[in-house]
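Small disclaimer: the values here were computed from a predicted structure and weren't measured. Numbers restart at 1 for each chain; the letters A, B, ... are given by sequence-line order, proteins then strands.
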Amino acid sequence: MNLNNLISIALRALVNNKMRGFLTMLGIIIGVSSVIIMLAIGEGSKNTITNEISSMGSNMIMVQPKYNREGVSRGASSMESIKVKDYEDIARDTKYISGVSPYVASSGQLIFGSNNHPIRIEGVNQDYLEIRKYVLQDGSNFTETEIKSSAKVCIIGKEVVDKLFINDEDPIGRVIRYNNIPFRVIGVLKAKGASTFGQSQDDVMIAPYTTVQKRISAITHLQGIFVSSINEDYSEKAMSEIKEIMTLNHKIPEGKEADFYVESQKQILEQIDTITTLITLLLGSIAGISLLVGGIGIMNIMYVSVTERTKEIGLRMSVGARGKDILAQFLVEAIIISITGGLIGILFGSGVSFIIRLASGWAVTVSTFSVLLSFFVCTFTGVFFGWYPAKKAANLDPIEAIRYE
Amino acid sequence: MKEKIIDIRDIKRHFQVGEELVQALRGVSFSVEEGEFLTIMGMSGSGKSTLLNLLGCLDTPTHGEYYLDGKPVAKMTKNERAIYRNRKIGFVFQSYNLLPKTTAIQNVELPLMYNHNYSAAQRKEKSKQALISVGLEDRMMHKSQQMSGGQQQRVAIARALVNDPVMILADEATGNLDSRTSYEILTLFQELHKEGRTIIFVTHNPEIADFSSRTIVLKDGRIVEDKVNSNVKDARRVLDSLPNEND
């Protein structure tokens, strides 16, 4: 039999049984698209989290006070372990860092005219913007003088601007009040959007740390130190330098637990990576199960549809189709159905992934791997279970097949 | 002397059913010449279905020889028999066995689809001719389920004709039809016979034998009667004598 006849036989059989073809295809479409969507969401959440954390500065190192778990007392003093001297020593005695900023924070209410907005004021120095990867959209950073003089100046985020300056005034040079203390706005940050964990990164107010220490919190210690290493590769070296200085300053005896901890963004990234890998693994196994269920569905409908066509097979053989003609026909039908279904599944899965991406803002990514895996597993299942029962039917005696009900 | 289309010699066919050996055919010999209209009759269990399967190259005998159009069929492989069915035999079944949801013309084309000697255009043309010869020129694009039983059987006959077979093998071809339609189909067979086609009609209905030129009666796997019918009834005349349905 020539190929033309074979294809037209298969196409006629398919066209005459659109419903059956569609149902078979549906199994493949669902199998393929569910795997693609699952893996896209998994990959997407992983990418989103990783991107967000990197955008916070992947070379960032944080020094924070630590509750000392030894002993009963957990006095306020244990939270006051980080001093300005620590900051100054780190800034002076390290080689691998590009920026250091002290950190003190307090919460309060911001007022401008008749508008107010609850805010957490962060007291830092001029390095902070670079460490946290903030970019000024308008105005300028703090000057050394402003820091030394505990000047009542501040830099605010986009969200604060939107909340306070509702008439689109230029915030630069305006005076806003934080808990009744007037602050002059000297800079506005470029919008950064929400972080991985849903908090807005634009709802910020940054002031010189000296101002927050003296005029707001009335403290002399720091709540933390933010450091950036020259680049990500120097992160480890910078961390050990910092630890060394801190251990010395705090007179921590060997083997004893320190009253501070140093953590790099890279470490956090690694921890989060384990979590997101777990998520991908989880979604992957769900996808694996859908692939299995889809495969069994395809198998069933293929098997049933071929079995129910035994009579047709017998008829074709009685008018002269050979066993291999029958096999070829069913194989071509199964290939057409499986590949079409597979392609529709890829389109559908990618489309839904894209919609999820638009709707949720996650970096949902369709991976080539998921497309290839699902496509091949489903089409292979489809073709195999279209072929196998057809082979059995083609081996039947024509007269048995034609009398099959 | 006319050419022998079928020549079978001492055909035996045994089936092993569990422990028991069933002897469906116990030595059958006869020959059929070109242009004969032969009826093979017998009760159920007489072996006529087995004989039909053998004649139709759907089965091979346990013993004996079968020459179809001069070629020995008994020793052929499955594939060779399939090709032989495709080129030499036209089947008409009791239950029509048309492809469902398929147009008349596509059903008739089916045997030619498995014959690569025909181009698509030749195939269409031949199928049209076959449908015209069974009187269905205005039903070509009708699907199987849109036609009456008689019309479906005509499509089946057209399908049996389309490959220019050396014989048409009809298995109870009127068994599912009412008497009027049965006579119409018989008329069609008689017309085909007049055109020179060889027809073998397998039935259990003795009336049909009156319309054929020769009758073989089988009983318990053996031929008990083989007679030439000198007084062939004309199905057309019987049809005309039937009361009109509209009366």
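Here A:Leu315 contributes atom CG and B:Phe93 contributes atom CZ; the two are 7.0 Å apart, rounded to the nearest 0.5 Å. Here the CE-CG distance, from A:Met317 to B:Asn86, works out to 13.5 Å after rounding to the nearest 0.5 Å. Atom CG of residue A:Asn5 and atom CG of residue B:Leu112 lie 9.5 Å apart, to the nearest 0.5 angstrom. Atom CZ of A:Arg12 sits about 8.5 Å away from atom CG of B:Leu110, to the nearest 0.5 Å. Note that the CG atom of B:Leu99 and the NZ atom of A:Lys311 stand 11.0 Å from one another [nearest 0.5 Å]. In this structure, B:Arg85 CZ and A:Ser318 OG are separated by 7.0 Å, a value rounded to the nearest 0.5 Å.
The environment of CZ in B:Phe15 is crowded: more than 12 heavy-atom neighbours from other residues, nucleotides or ligands sit within 6.0 Å. Environment of OH in A:Tyr388: sparse, with no more than 12 heavy atoms of neighbouring residues, nucleotides or ligands closer than 6.0 Å. B:Glu20 CD: 12 or fewer foreign heavy atoms inside a 6.0 Å radius. The environment of CZ in A:Phe348 is sparse: at most 12 heavy-atom neighbours from other residues, nucleotides or ligands sit within 6.0 Å.
Scanning both residues, B:Ala82 and A:Ala321, for their nearest heavy atoms gives CB-O, 3.8 Å. Closest non-hydrogen pair, A:Pro398 versus B:Leu58, comes out as CB-CD2, 3.5 Å.
With a 4.5 Å cut-off on non-hydrogen atoms, B:Ile89 does not touch chain A at all. B:Asn53 touches chain A through its side chain: at least one heavy atom from C-beta onward sits under 4.5 Å away, while N, CA, C and O do not. When heavy atoms are compared at a cutoff of 4.5 Å, B:Glu80 does not approach chain A at all. If you measure heavy-atom distances from B:Arg81 to chain A, you find no contacts under 4.5 Å at all.
Residues B:Tyr114 and A:Arg322 have side chains that never bring a donor and an acceptor to within less than 3.5 angstrom of each other.
Comparing B:Glu109, B:Gln106, B:Arg123, B:Lys78 by how many heavy-atom pairs each has under 4.5 Å with chain A, the most go to B:Gln106.
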Requested in this report: Run the numbers on A:Asn17 and B:Lys101 for side-chain contact (heavy atoms from CB on, under 4.5 Å), then give the verdict.
Outcome: CA-CA 8 Å; A:Asn17 290 287; B:Lys101 301 180 201 167; 3.2 Å; yes

